[in-house]
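Single-structure report; data block below.
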Amino acid sequence: MQRRHFLYAGAGLLASTLAGCGGGSEALLRVRPDVLQLSNAERERYVQTLHAMKRRPSAYDPAVNAYDYFVQLHGRAFPSAQDPTHYNAHMSASFLPWHREFLLRFERELQRVSGDAQMALPYWDWQQQGSWRAIFTDDFLGGNGDAGDRFIVKSGMFREGLWPMGAYFDETPDEFADSEGDGIADINPAPLSRRGLTRRFSFEGLDADSMQVIDDYMAREPRSRLLAYADYDAAPYMESMLTPLEHLENRQSWIEQSMRKYLELALHNPVHAMIGGQMATGTSPNDPVFFLHHANVDRLWALWQDAHAGASYPSSAEDAHVGSGASLDLLSGDVRIDSVLDLAAHSGVRYAAG
């Protein structure tokens with residue numbers, strides 16, 4: 001499951017309208033909060049619910065626990081030589097709809113396991129300077145991995161011994177640059193350990209002492225740049241089917257073409273890479289920060305939708321695989337992309353102002 005060649009991407013019936021909050025009264029919507037706004041009790045409850053998910057069978061597949069189901073689902077959503085059919089979760093127009101449905105399913109499991117039907121997934125606004133300081137703490141998600149012990153996380157509520165890795169595990173760390181575009185990293189690190197969660201804070205393959213690298217990077221990528229894009233996406237709609245070399249040669253021009261490409265390639269991917277470890281693999285949901293990260297990605301899409309209410313998602317006539325009438329291919333149920341585009345109607349949520 002090679003993410004390496006796209007992690008760093010830059011240091012009319014079916015042409016559905018992309019309405020961000022068009023489906024219902026805001027008073028009836030659950031609010032996904034900024035994680036910085038959670039009280040200590042709310043943070044603790046969220047952490048305890050994640051741990052409880054590791055002990056409860058999944059509502060989608062009782063053979064696996066409620067948390068690891070999502071690790072497995074995400075890991076299987078990458079095209080590979082063994083299974084090339086899963087192409088719409090990443091590097092395609094359907095990247096944002098796929099993850100919106102993924103987040104809703106995860107949130108429903110949070111609610112079921114916690115017993116709280118109003119529990120909402122928090123988001124981490126990594127464009128807010130210094131926000132990482134409240135995330136990677138001893139009383140929450142823990143810090144960087146131990147460089148002297150295979151970058152295993154030794155602090156926080158998901159440290160070694162508290163947060164076991166599941167059977168579906170990607171041991172290939174992909175946070176390192178691929179300057180040749182051949183799918184082979186410039187650095188060939190050792191496989192990731194299964195003993196526990198791993199993180200390796202870095203920027204473009206160079207180790208970092210802290211997540212200050214996110215502040216430095218995001219200072220050059222203000223939200224206004226994302227909101228300035230007029231188009232949701234532009235061809236090619238499925239970069240996932242192209243070679244690493246084609247990515248290397250075209251990624252900067254892709255970023256300049258559309259909101260989706262910019263959000264996925266220039267904002268989303270570098271966060272995965274800078275945190276590193278499991279976050280830089282196909283099984284990135286092994287790190288609970290994944291869900292805070294992707295909730296923010298979804299929030300940014302919703303903000304763009306609100307600012308561009310007349311913009312269209314690619315139709316099935318434009319691309320049969322990832323156009324608006326295609327299935328999201330989530331391995332459990334058949335969800336069409338056009339049913340996911342309206343955040344309020346699909347997920348019943350809105351995002352707290354950040």
Determine whether Ile214 and Phe151 fall in the same hydrophobic cluster, where Ile, Leu, Val, Met, Phe, Trp and Tyr are linked whenever their side-chain heavy atoms lie under 4.5 Å apart. no
Is the number of heavy atoms from other residues, nucleotides or ligands within 6.0 Å of CD (Gln37) greater than 12? yes
Does any N or O in the side chain of Asn65 come within less than 3.5 Å of the main-chain N or O of Asp68, such that one atom is a donor and the other an acceptor? yes
Is the distance between the ring centroids of Phe102 and His294 under 6.0 Å? no
Side chain of Asp146, backbone of Gly148: donor and acceptor closer than 3.5 Å? yes
Using side-chain heavy atoms (C-beta onward) and a distance below 4.5 Å, is Leu121 in contact with Leu103? yes
Report yes if some heavy atom in the side chain of Leu267 is under 4.5 Å from a heavy atom in the side chain of Val297; otherwise report no. no
Minimum heavy-atom distance between Gln305 and Leu341, given as atom pair plus value: NE2-O, 2.7 Å
Would Arg43 and Asn40 count as having a side-chain donor-acceptor pair, cut-off 3.5 Å? no
Side chains of Pro236 and Met238: closer than 4.5 Å at any heavy-atom pair? no
Could you walk me through whether Phe158 and His51 pass the ring-ring contact (aromatic ring centres under 6.0 Å, His included) test, one step at a time? CA-CA 9 Å; Phe158 301 92; His51 280 279; 5.0 Å; yes
Determine whether the aromatic ring centres of residues Tyr123 and Phe291 are separated by less than 6.0 angstrom. no
For the atom pair OG (Ser316) and CZ (Arg336), what is the distance rounded to the nearest 0.5 Å? 6.5 Å
Measuring only between side-chain heavy atoms, which start at C-beta, is Val113 closer than 4.5 Å to Arg108? no
Using the ring of each side chain (for Trp, its six-membered ring), is His90 parallel, tilted or perpendicular to Trp98, with breaks at 30° and 60°? tilted
Is the shortest distance from a Lys or Arg side-chain nitrogen in Arg45 or Glu42 to a carboxylate oxygen in the other one below 4.0 Å? no
So how far is it from Thr137 OG1 to Met157 CE, rounded to the nearest 0.5 Å? 10.0 Å
When rounded to the nearest 0.5 Å, the distance separating CG of Leu300 from CG of Asp125 is 7.0 Å
Check whether Ile152 and Val289 end up in the same hydrophobic cluster, where Ile, Leu, Val, Met, Phe, Trp and Tyr are linked by side-chain heavy atoms less than 4.5 Å apart. no
Can you get from Tyr60 to Phe106 by hopping between Ile, Leu, Val, Met, Phe, Trp and Tyr side chains that sit under 4.5 Å apart? yes
Test item: side-chain donor near acceptor, Trp124 and His293, under 3.5 Å: no
Which heavy atom of Ser327 sits nearest to which heavy atom of Asn88, and what is that distance? O-ND2, 2.9 Å
If I compare all heavy atoms of Gly323 with all of Ile337, which pair ends up nearest, and what's the gap? O-CD1, 3.3 Å
Donor-acceptor under 3.5 Å (His272 side chain, Met279 main chain): yes
Rounded to the nearest 0.5 Å, the CG atom of Asp216 sits from the CD atom of Gln212 at a distance of 4.5 Å
In the structure I gave you, are the side-chain heavy atoms of Val31 and Tyr351 within less than 4.5 Å of one another anywhere? no
Looking only at atom types and distance, does a side-chain atom of Ser155 sit under 3.5 Å from a main-chain N or O of Gly143, one as donor and one as acceptor? yes
Could you tell me if Glu221 and Tyr262 have a donor-acceptor pair between their side chains, going purely by distance under 3.5 Å? yes
To check you understand the geometry: which heavy-atom pair defines the closest contact between Asp34 and Ala352, and what is its length? N-CB, 4.2 Å
Would you say the side-chain atoms of Ser114 pair up with the backbone N or O of Leu110, donor to acceptor, closer than 3.5 Å? yes
Identify, with sequence neighbours excluded, every residue that meets salt bridge (Lys or Arg N to Asp or Glu O under 4.0 Å) alongside Glu107. Arg30, Arg32
Polar side chain donor-acceptor pair, His268 to His99, under 3.5 angstrom: no
Do Tyr69 and Leu104 sit in one hydrophobic cluster, given that two such residues count as connected whenever their side-chain heavy atoms are within less than 4.5 Å of each other, even indirectly? no
Kindly assign one of parallel, tilted or perpendicular to the pair Trp301 and Tyr232, based on the angle between their ring planes and the thresholds 30° and 60°. tilted
Same apolar cluster: Leu162 and Met165, side chain cutoff 4.5 Å: no
Give me the atom names and distance for the closest heavy-atom approach of Leu343 to Ala302. CD2-CB, 3.8 Å
Rounded to the nearest 0.5 Å, how far apart are OG of Ser258 and CG of Leu265? 8.5 Å
Heavy-atom donor-acceptor pair, Asp170 side chain to Thr281 backbone, under 3.5 Å: no
Ionic contact status for Glu101 with Arg105, cut-off 4.0 Å: yes
Tell me if a side-chain donor or acceptor on Lys154 pairs with a main-chain N or O of Arg159 at a distance below 3.5 Å. no
How long is the gap from CZ on Arg100 to CG on Asp298, to the nearest 0.5 Å? 4.0 Å
Is it true that Arg260 and Glu239 make a salt bridge, defined as a side-chain N closer than 4.0 Å to a carboxylate O? yes
Does any non-hydrogen side-chain atom of Phe140 lie less than 4.5 Å from one of Val35? yes
Closest non-hydrogen contact found for Met259 with Leu96 is CE-CD1, 4.0 Å
